[in-house]
Amino acid sequence: METQDRSSDKRRGFFKRAAIATLIGGIAAGIGFKALAQGGGCGWHRCGYAAGPLDPAAVDQHLDRALKHLYVEIDATDEQKQRLEPIVKQAVKDLLPVREKAHAARKQAVDLLAADRIDRAAIEALRAEQIQLAEQASKRFTQALADVAEVLTPAQRKQIAERMESFGRRWRHG
């Protein structure tokens with residue numbers, strides 16, 4: 001019975017981390033879509049924005065556009081703008097390597113699955129590594145989210161939460 005409880009706890013922990021990783025990905029995608037929408041751009045896939053290595057200058061441009069849009073939406077003060085920009089830019093800088101590692105892991109997973117012999121130990125090691133990476137990204141993202149929330153007023157936080165909710169409804173087609 002105790003083994004079953006531990007297994008159930010591990011499974012719940014995995015799904016909790018997967019949900020957090022999905023949330024992070026959704027928010028990152030939302031920021032990226034907002035940035036592309038502001039600057040015209042050619043989309044995520046047509047120009048390879050999500051496909052390969054990112055040019056740091058392009059990331060800065062997209063981020064600047066997204067932040068300017070956010071500032072207008074929430075009617076941010078000059079002080080808030082000065083405080084928010086370094087928080088967000090540092091978080092993105094910290095999280096970009098995670099993106100690169102995820103791309104490398106995807107290639108590794110494809111290679112492992114395409115091999116003549118299935119190496120279960122290597123697949124499990126890759127899975128464990130990705131869970132650890134998701135946990136690390138989740139912690140960094142959560143820290144940045146809390147830092148941003150401290151800069152904003154309750155009304156601004158509510159405004160952002162409503163926008164995130166409506167964005168989520170559009171993705172679910174509902």
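For clarity, every value in this text was computed on a predicted model and none was experimentally measured. Every heavy atom of this structure was used, including side-chain atoms; hydrogens, water molecules and symmetry mates were not.
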Closest heavy-atom contact between Gln130 and Ala105?
->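 What the structure gives for the nearest pair is NE2-CB, 3.2 Å.
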What heavy-atom pair brings Arg140 and Ile87 nearest, and what distance separates the two atoms?
->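 Looking at all heavy atoms of both residues, the shortest contact is NH2-O, 4.4 Å.
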Which of Lys107, Arg99, Arg106 passes side-chain contact (heavy atoms from CB on, under 4.5 Å) with His103? It is Arg99
Under 4.5 Å between side-chain heavy atoms, hopping through other hydrophobics if needed: is there a path connecting [X] to [Y]?
| X | Y | answer |
| --- | --- | --- |
| Leu126 | Leu133 | no |
| Leu70 | Val72 | no |
| Ile160 | Val92 | yes |

From [X] atom [atom1] to [Y] atom [atom2], the distance as rounded to the nearest 0.5 Å:
| X | Y | atom1 | atom2 | value |
| --- | --- | --- | --- | --- |
| Glu85 | Leu63 | CD | CG | 7.5 Å |
| Gln82 | Thr77 | CD | OG1 | 8.5 Å |
| Lys101 | Leu95 | NZ | CG | 11.0 Å |

NZ/Lys93: more than 12 non-hydrogen atoms of other groups inside 6.0 Å | no
Does atom CD of Glu79 have more than 12 heavy-atom neighbours, drawn from other residues, nucleotides or ligands, at distances under 6.0 Å?
-> no
Who are the salt bridge (Lys or Arg N to Asp or Glu O under 4.0 Å) partners of Glu129, not counting sequence neighbours?
-> none
Given Val59 and His62, is the side-chain contact (heavy atoms from CB on, under 4.5 Å) satisfied, shown in steps?
-> CA-CA 5 Å; Val59 171; His62 289 294; 5.9 Å; no
Taking Ser138 for the side chain and Ala134 for the main chain, is one N or O donor matched with an acceptor at less than 3.5 Å?
->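 Checking the backbone N and O of Ala134 against the side chain of Ser138, no donor-acceptor pair under 3.5 Å is found.
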Could you pull out all donor-acceptor pairs under 3.5 Å where a side-chain atom in residues 144-159 meets a protein atom, sequence neighbours excluded?
from	atom 1	to	atom 2	distance (Å)
Thr153	OG1	Gln156	N	3.1
Thr153	OG1	Gln156	OE1	3.3
Gln156	OE1	Gln80	NE2	2.6
Gln156	OE1	Thr153	N	2.8
Gln156	NE2	Ile74	O	3.1
Gln156	NE2	Gln80	OE1	3.0
Arg157	NH1	Ala149	O	3.0
Arg157	NH1	Leu152	O	2.9
Gln159	NE2	Glu73	O	2.8

Side chains of Gln90 and Asp94, donor plus acceptor under 3.5 Å | yes
Side chains of Leu113 and Ile123 in contact at under 4.5 Å (non-hydrogen atoms) |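 In short, these two side chains touch, coming nearer than 4.5 Å.
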